[in-house]
Student: 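Please see the structure below; I have some questions.
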Amino acid sequence: MRGPLVDWYARHARDLPWRHDDCPAWGVLVSEVMLQQTPVVRVLPRWTEWMERWPGPTELADAGPGEAVRAWGRLGYPRRALRLVDAATALRDHHGGEVPQDEQTLRSLPGIGEYTAAAVAAFAFGRRAVVVDTNIRRVQARAVTGVALPAPGYTAAERRLATGLLPADAAESVRWNVSTMELGALVCTARNPSCGHCPLVDQCAWVAAGSPPDDGPPRRTQAWAGTDRQARGRIVQALRDADGPLSREQVLTAAGAAEAQAERCLGGLLEDGLAEGDDRAGYTLPQ
DNA sequence: GATCCGTGGCC
DNA sequence: TGGCCAAGGAT
């Protein structure tokens, strides 16, 4: 299935700035962190600003967490911005200001897990790495395993499958990874896949089986209204939009939650390093 | 391994 | 309308 897939990619891949040949490894790393659980269209403008402002890890490390969280905007999961600053600081202080090439070292950086380490090794450095994201999981679940959707959690069996499918040659493996990922993002989507436009339709085990619906356990949808996540998000947004420190009263009001929950969320944000201050001086983003 | 962690758009 | 999903990671 390599030929048709890579050919499809050559004709239909999106032109994304972090895929350009002249994009530095740092740009690839930033894009991968921003893309964690976040759609491409939302990342694009933030990534461009970010790279103009902090073209390398040293510049970001020197800027500090507050500016990073503010520049993160509404991408969501702002702890990613803090971890990116922490990773940049580690690169500046312990890696000569360079992004390391091997997965092991990448994996040791804050906010860089199994997927992101493999993606940076492959896409920034052309290395052979087993890249498994939600798109690749879904494409392989359908094309190879013959089921509509992968299980909720990433399994060892999936890792073995992806490892076995990965081409031995490094350059081919990179094309394979990016092509499979792109197919999952554009054609082999979670809802309403465009099988009529899929280069793998003739060899897809799921299509061959008649495209049966998902028969796995019902997926737990995450609650939103009334959760700590919502309240934390409101507090961080208020801190981000504020010119100066906010009083305790202003923070708790921004949370839009009952007092006990608002207190808990403020405490959690202080612990996480997403907020700073006290009742006397007021509260701000970290400095 | 189960949970927690934001945000917004889509069908 | 609202459940569901988007290039996951840390604990």
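Naming: A, B, ... by sequence-line order, numbering from 1 per chain.
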Student: I want to check one thing: is the phosphate of dC5(C), taken as OP1 and OP2, less than 4.0 Å away from some side-chain N or O of Thr189(A)?
Tutor: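 No, no such contact exists.
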Student: Going by number, which of residues 119-135 of chain A have a non-hydrogen atom under 4.0 Å from DNA chain C?
Tutor: Asp133(A), Thr134(A), Asn135(A)
Student: For atom CZ of Arg14(A), decide whether the heavy atoms of other residues, nucleotides or ligands shown that lie under 6.0 angstrom number more than 12.
Tutor: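 Buried by this count: over 12 neighbours within 6.0 Å.
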Student: If you assign Arg19(A) and Arg107(A) each to the DNA chain C nucleotide with the nearest heavy atom, which residue ends up on the more 5' nucleotide?
Tutor: Arg19(A)
Student: Restricting to non-hydrogen atoms, name the atom on Gln230(A) and the atom on Trp224(A) that form the minimum distance, rounded to 0.1 Å.
Tutor: CA-CH2, 3.4 Å
Student: Within the structure shown, what part of the strands sits under 4.0 Å from Leu16(A) by heavy-atom distance: base, sugar-phosphate, or nothing?
Tutor: base
Student: Remember a base hit wins even if backbone is also touched, and classify Arg137(A) as base, sugar-phosphate or nothing at under 4.0 Å, heavy atoms.
Tutor: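 Answer is nothing: Arg137(A) stays at 4.0 Å or more from every strand.
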Student: Closer than 4.0 angstrom, basic N to acidic O: yes or no for Arg19(A) and Asp15(A)?
Tutor: no
Student: Crowded around Arg220(A) CZ? As in, over 12 foreign heavy atoms under 6.0 Å?
Tutor: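 Result for CZ/Arg220(A): open.
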Student: Could you state the atom-to-atom distance from CZ of Arg191(A) to C1' of dC5(C) in whole Å?
Tutor: 5 Å
Student: Just N and O in the side chain of Gln37(A): are any of them under 4.0 Å from OP1 or OP2 of dG8(C)?
Tutor: yes
Student: Taking the side chain as everything from C-beta on, heavy atoms only, tell me whether Leu149(A) gets closer than 4.5 Å to Arg142(A).
Tutor: yes
Student: Between dC4(B) and dA7(C), how far apart are the P atoms? Round to whole Å, please.
Tutor: 23 Å
Student: Considering every strand and a 4.0 Å limit on heavy-atom distances, what is the contact class for Arg232(A): base, sugar-phosphate, or nothing?
Tutor: sugar-phosphate
Student: Please list, by residue number, the residues of residues 250-275 of chain A whose heavy atoms come closer than 4.0 Å to an atom of DNA chain C; answer none if no residue qualifies.
Tutor: none
Student: Can you tell me, in whole Å, how much space there is between the P of dG6(B) and that of dT11(C)?
Tutor: 14 Å
Student: Measure CD1/Ile136(A) against C1'/dA7(C) and give the value in whole Å, please.
Tutor: 9 Å
Student: Any side-chain N or O of Arg74(A) less than 4.0 Å from the OP1 or OP2 oxygen of dG8(B)?
Tutor: yes
Student: Taking the nucleotide of DNA chain B with the nearest heavy atom to each, does Val236(A) or Tyr154(A) sit closer to the 5' end?
Tutor: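 Per heavy-atom nearest nucleotide, the more 5' residue is Tyr154(A).
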Student: Quick check on DNA chain C: between Glu114(A) and Arg42(A), whose nearest nucleotide comes earlier from the 5' end?
Tutor: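 Looking at the nearest nucleotide for each, Arg42(A) comes out on the 5' side.
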Student: I need the CG-P distance between Asn192(A) and dC10(B), as an integer number of Å.
Tutor: 14 Å
Student: What nucleotide among dC4(C), dT7(B), dG9(C) has an atom nearest to a side-chain atom of Thr221(A)?
Tutor: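 Among the listed nucleotides, the one closest to the side chain of Thr221(A) is dC4(C).
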Student: Expressed as a whole number of angstroms, how long is the span from Gln36(A):CD to dC4(B):C1'?
Tutor: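 Checked: the CD to C1' distance equals 15 Å.
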Student: Work out which heavy atom in Ala68(A) is nearest to a heavy atom in Trp50(A); give both atom names and the distance.
Tutor: O-CZ3, 3.6 Å
Student: Could you state the CG-P distance from Leu75(A) to dA7(C), rounded to the nearest angstrom?
Tutor: 15 Å
Student: Just call it for Gly113(A): base, sugar-phosphate, or nothing, with non-hydrogen atoms closer than 4.0 Å on any strand.
Tutor: sugar-phosphate
Student: Between P on dC4(C) and CG on Asp214(A), what's the gap in Å once rounded to a whole number?
Tutor: 11 Å
Student: Sub-3.5 Å donor-acceptor pair from the side chain of Arg137(A) to the main-chain atoms of Glu158(A), do we have one?
Tutor: no
Student: Within the structure shown, what part of the strands sits under 4.0 Å from Trp18(A) by heavy-atom distance: base, sugar-phosphate, or nothing?
Tutor: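 Counting heavy atoms under 4.0 Å across all strands, the contact made by Trp18(A) includes a base.
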Student: With a 4.5 Å heavy-atom cut-off, do Met51(A) and Cys23(A) have their side chains touching?
Tutor: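 Result no, sub-4.5 Å side-chain heavy-atom pair not found.
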Student: At what distance, to the nearest 0.5 angstrom, does CG of Leu266(A) lie from CG of Leu274(A)?
Tutor: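 The CG atom of Leu274(A) is 11.5 Å from CG of Leu266(A), to the nearest 0.5 Å.
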Student: Taking 4.0 Å as the cut-off, does a side-chain nitrogen or oxygen of Arg83(A) come that near to OP1 or OP2 on dT11(C)?
Tutor: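 No, outside the criterion.
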Student: Looking at every strand, decide which applies to Ser31(A) at a 4.0 Å heavy-atom threshold: base, sugar-phosphate, or nothing.
Tutor: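 If one applies the 4.0 Å heavy-atom cut-off, Ser31(A) turns out to touch nothing in the nucleic acid.
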Student: If we ignore angles and hydrogens, is there a donor and acceptor under 3.5 Å between the side chains of Tyr115(A) and Gln36(A)?
Tutor: no
Student: Looking at Arg234(A) and Gly256(A), what are the two nearest heavy atoms and their distance?
Tutor: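 Scanning both residues, the minimum pair turns out to be NH1-O, 3.2 Å.
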Student: Between atom CG of Leu252(A) and atom SG of Cys265(A), what is the distance when rounded to the nearest 0.5 Å?
Tutor: 10.0 Å
Student: Check whether Arg46(A) reaches the backbone of Met34(A) with its side chain - one donor and one acceptor, N or O, closer than 3.5 Å.
Tutor: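 Such a contact is absent between Arg46(A) side chain and Met34(A) backbone.
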Student: Over how many whole Å does the gap from Leu239(A) atom CG to dG6(B) atom P extend?
Tutor: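 From Leu239(A) CG to dG6(B) P: 13 Å.
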Student: If a stem is a run of at least 3 consecutive Watson-Crick or G-U pairs, both distances under 3.5 Å, which stems include DNA chain B?
Tutor: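 Output for stems: B:2-5 with C:8-11, B:7-11 with C:2-6.
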Student: Charged N to carboxylate O below 4.0 Å: is that the case for Glu172(A) and Arg175(A)?
Tutor: no
Student: Separation of Arg220(A) atom CZ from dC4(C) atom P, in whole Å?
Tutor: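 Roughly 12 Å, once rounded to whole Å.
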Student: Compare the minimum distances between each of dT7(B), dG9(C), dA6(C) and the side chain of Arg138(A), then state the nucleotide with the smallest one.
Tutor: dA6(C)
Student: Just checking Gln230(A): base, sugar-phosphate only, or nothing, at a heavy-atom cut-off of under 4.0 Å?
Tutor: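 No contact.
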